[in-house]
Amino acid sequence: MYDRLFGSVWLLLCAGLAVIAWGFQPPFSYDPVGPRAYPLLLLGLLGAGALWLVIRPALHKHLLGATQSLRALLCIAGLLAFALLFEPLGFVPATALAATGLGLLFGGRPLPCALSGVLMGVLLYVLFDLLLDVPLPLGVFEFLVE
């Protein structure tokens, strides 16, 4: 029952966000597809998944336990903290903290989680900012480019 309720709410959210994304207009034509294609594609896929949750036959009749619910809430809180800290801290520290926290949340050992989190932050920054030319915020490392 809760999966159908979640799917219904998620489907409504996807529909609302699709209405907002439909209005994305570039100030000048730089791309034949435009800025709305990517969000609409993602929302379409998310909406299809939500619709599947609503119409599929119920396979499981159990609710999440207290530990599973707490983990899910902590995961959501960690991702929300990542989104809020992305600009002020910068990409590398925010990614390192989020990856470390999520690794610990799913049972990883502290040292490997911290090392892989830092490595992930640095390597993803190199990939996106330097190789793919996607500008990412430096945050606390802004002094390095001056």
Shared ILVMFWY cluster between [X] and [Y], side chains joined below 4.5 angstrom?
X: Leu138; Y: Met120; result: yes
X: Leu131; Y: Leu119; result: no
X: Leu41; Y: Val19; result: no
X: Leu104; Y: Leu97; result: no

Exercise for review: Can you run down the ring pair (Phe, Tyr, Trp, His ring centres under 6.0 Å) pairs that involve residues 65-85, sequence neighbours left out, and say none if there aren't any?
Suggested key: Phe82-Phe86
Review point. Are the side chain of Ser116 and the backbone of Cys113 linked by a donor-acceptor contact shorter than 3.5 Å?
Key: yes
Check your understanding: Sub-3.5 Å donor-acceptor pair from the side chain of Arg71 to the main-chain atoms of Phe106, do we have one?
Key -> no
Rounded to the nearest 0.5 Å, how far does [atom2] of [Y] lie from [atom1] of [X]?
X: Leu43; Y: Ile20; atom1: CG; atom2: CD1; value: 9.5 Å
X: Gln68; Y: Leu73; atom1: CD; atom2: CG; value: 12.0 Å
X: Leu11; Y: Ile55; atom1: CG; atom2: CD1; value: 10.0 Å
X: Leu70; Y: Leu74; atom1: CG; atom2: CG; value: 4.5 Å
X: Cys75; Y: Leu80; atom1: SG; atom2: CG; value: 11.5 Å
X: Arg56; Y: Leu51; atom1: CZ; atom2: CG; value: 12.0 Å

For [X] and [Y], work out which heavy atoms get closest and say how close.
X: Gly7; Y: Ala50; result: O-CB, 3.5 Å
X: Pro88; Y: Leu84; result: CD-O, 3.3 Å
X: Gly47; Y: Cys14; result: N-SG, 3.8 Å
X: Leu136; Y: Asp129; result: N-OD1, 3.2 Å

Heavy-atom distance under 4.5 Å between the side chains of [X] and [Y], does that happen here?
X: Leu102; Y: Leu79; value: yes
X: Leu53; Y: Arg4; value: no
X: Leu17; Y: Pro39; value: no
X: Leu13; Y: Val9; value: no
X: Leu123; Y: Leu127; value: no

Practice item. Could you tell me how the ring of Phe91 sits relative to the ring of Phe128: parallel (under 30°), tilted (30 to 60°) or perpendicular (over 60°)? Key: perpendicular
